Chemist: 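One structure, pasted below without further comment.
Only a predicted model underlies this, so the values are computations on that prediction, with no experimental measurement involved.
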Amino acid sequence: MAAPHSELLNAVRQHAPEAWDILLKRHQLPLYTYVAELLRDKTAALDVVQETFAAAVRNVTSLRDDAKFASWLFGIAHQKCIQHWRRTRRDGTLFVDRADSAPGDLPDANESDPRTMLLQREQAEAFFALVGQLPEAQRSALLLHVLEDFSLEEIATVTAVPVGTVKSRLHHAKRALRHLVEATPL
């Protein structure tokens, strides 16, 4: 059975590196998925995830509620993404080839039927292609809500906006996705 976050965080505060390894491994893939979809660049996503973990290690003492570790960690990642966007806009390298970050690159280890795997991959690619057309703020809120199953309050914490703004972004994202799905030929 996996140790709860509070036990691991207590061990972290006692300078136990094994506890960090467990915590970071638990959140590595969801965090990478979120960041990769926001940035649309695999290499930059790896860098941002690494920066996020480094910041988490440095600032773990600022975490007030151990139960909110995941949203705290995603909040750090969100801020690192914003910093990345600012750097790339300043450098003029904002537009990255989307082919490098196809969402179907992560196979589902639980599936054994190749046809099912192919269909799921195609559906995921189509979904992420549509999500990729949303504005960054809407895309972020939607990914946190759908992929990470974060509550509205947790998304508000991660994105540093009021809950009402999160609701609005989700509403507009869902409406825009609905229009995109309707406009997409089968």
Chemist: Got L180 and Q133 here, is their nearest side-chain heavy-atom distance under 4.5 Å?
Modeler: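 Contact flag for L180/Q133 side chains = yes.
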Chemist: Would you check if Y32 and V48 make a side-chain contact, meaning some heavy-atom pair closer than 4.5 Å?
Modeler: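 No - every pair of side-chain heavy atoms lies 4.5 Å or more apart.
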Chemist: Under the side chain to side chain contact (heavy atoms under 4.5 Å, CB included) test against E51, which residue among H84, Q79, K80 passes?
Modeler: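 Among the candidates, only K80 passes.
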Chemist: What's the shortest heavy-atom distance between P17 and H15, and which atoms?
Modeler: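 Distance-wise, the nearest heavy atoms are CD-O, 3.2 Å.
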Chemist: Hey, does L8 have a side-chain heavy atom less than 4.5 Å from the side chain of F69?
Modeler: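 No, their side chains stay 4.5 Å or more apart.
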Chemist: To check you understand the geometry: which heavy-atom pair defines the closest contact between A45 and V35, and what is its length?
Modeler: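 The answer is CA-CG1, 3.6 Å.
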Chemist: Less than 4.5 Å apart, side chain to side chain, heavy atoms only: is that true for E153 and T157?
Modeler: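 Not in contact.
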Chemist: Can you confirm whether E7 sits close enough to I22 that some side-chain heavy atom of one is under 4.5 Å from a side-chain heavy atom of the other?
Modeler: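 Sidechains of I22 and E7: no contact.
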Chemist: Within the 4.5 Å heavy-atom criterion, are N10 and D66 side-chain neighbours or not?
Modeler: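 Yes, at least one pair of side-chain atoms sits under 4.5 Å.
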Chemist: What's the separation between atom NE2 in H27 and atom OH in Y34, rounded to the nearest 0.5 Å?
Modeler: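 Those atoms lie 15.0 Å apart.
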Chemist: In Å and rounded to the nearest 0.5 Å, what is the CG to CD distance from L46 to Q28?
Modeler: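 Reported value, rounded in 0.5 Å steps: 9.0 Å.
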Chemist: Can you name the closest pair of heavy atoms from T159 and S140 and give their distance?
Modeler: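 Looking at all heavy atoms of both residues, the closest pair is CG2-OG, 3.8 Å.
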Chemist: Please determine whether the number of non-hydrogen atoms from other residues, nucleotides or ligands lying under 6.0 Å from atom CD of Q50 exceeds 12.
Modeler: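 Not more than 12 within 6.0 Å, no.
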Chemist: Classify the ring geometry between F74 and F150 as parallel (under 30°), tilted (30 to 60°) or perpendicular (over 60°).
Modeler: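 Rings of F74 and F150: perpendicular, over 60°.
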Chemist: How long is the span from the NZ atom in K68 to the CG atom in L73, to the nearest 0.5 Å?
Modeler: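 CG of L73 is found 15.0 Å from NZ of K68.
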Chemist: Check step by step if side chain to side chain contact (heavy atoms under 4.5 Å, CB included) holds for V131 and V146.
Modeler: CA-CA 11 Å; V131 169; V146 173; over 6 Å; no
Chemist: Assess whether side chain to side chain contact (heavy atoms under 4.5 Å, CB included) is satisfied between R169 and V161, documenting all intermediate values.
Modeler: CA-CA 11 Å; R169 288 177 179 175; V161 297; 3.8 Å; yes
Chemist: What is the distance from atom CG of L9 to atom OG1 of T61, rounded to the nearest 0.5 Å?
Modeler: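 Reported value, rounded in 0.5 Å steps: 11.5 Å.
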Chemist: Quick one: OG1 on T165 to CD1 on I155, what's the gap to the nearest 0.5 Å?
Modeler: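 Spacing of OG1 (T165) from CD1 (I155) equals 12.0 Å.
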Chemist: Give, for atom NE2 of H78 and atom CD of Q83, the distance between the pair rounded to the nearest 0.5 Å.
Modeler: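 Rounded to the nearest 0.5 Å, the NE2-CD separation comes to 11.0 Å.
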Chemist: Search all heavy atoms of L38 against all heavy atoms of E136 and return the closest pair with its distance.
Modeler: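 Nearest heavy atoms, L38 then E136: CD2-O, 4.2 Å.
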Chemist: How close do W20 and V57 get, heavy atom to heavy atom, and via which atoms?
Modeler: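 Heavy atoms only, the tightest pair is CZ2-CA, 3.5 Å.
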Chemist: I'd like to know if the side chain of S168 and the backbone of G164 have a donor-acceptor N/O pair within less than 3.5 Å.
Modeler: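 No: the side chain of S168 does not pair with the backbone of G164.
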Chemist: Looking only at heavy atoms, which two atoms of L142 and A173 are closest? And how far apart?
Modeler: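 For L142 versus A173, the nearest heavy atoms are CB-CB, 4.3 Å.
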Chemist: Below 4.5 Å, heavy atoms only, C-beta onward: do L144 and E154 meet side chain to side chain?
Modeler: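 No, their side chains stay 4.5 Å or more apart.
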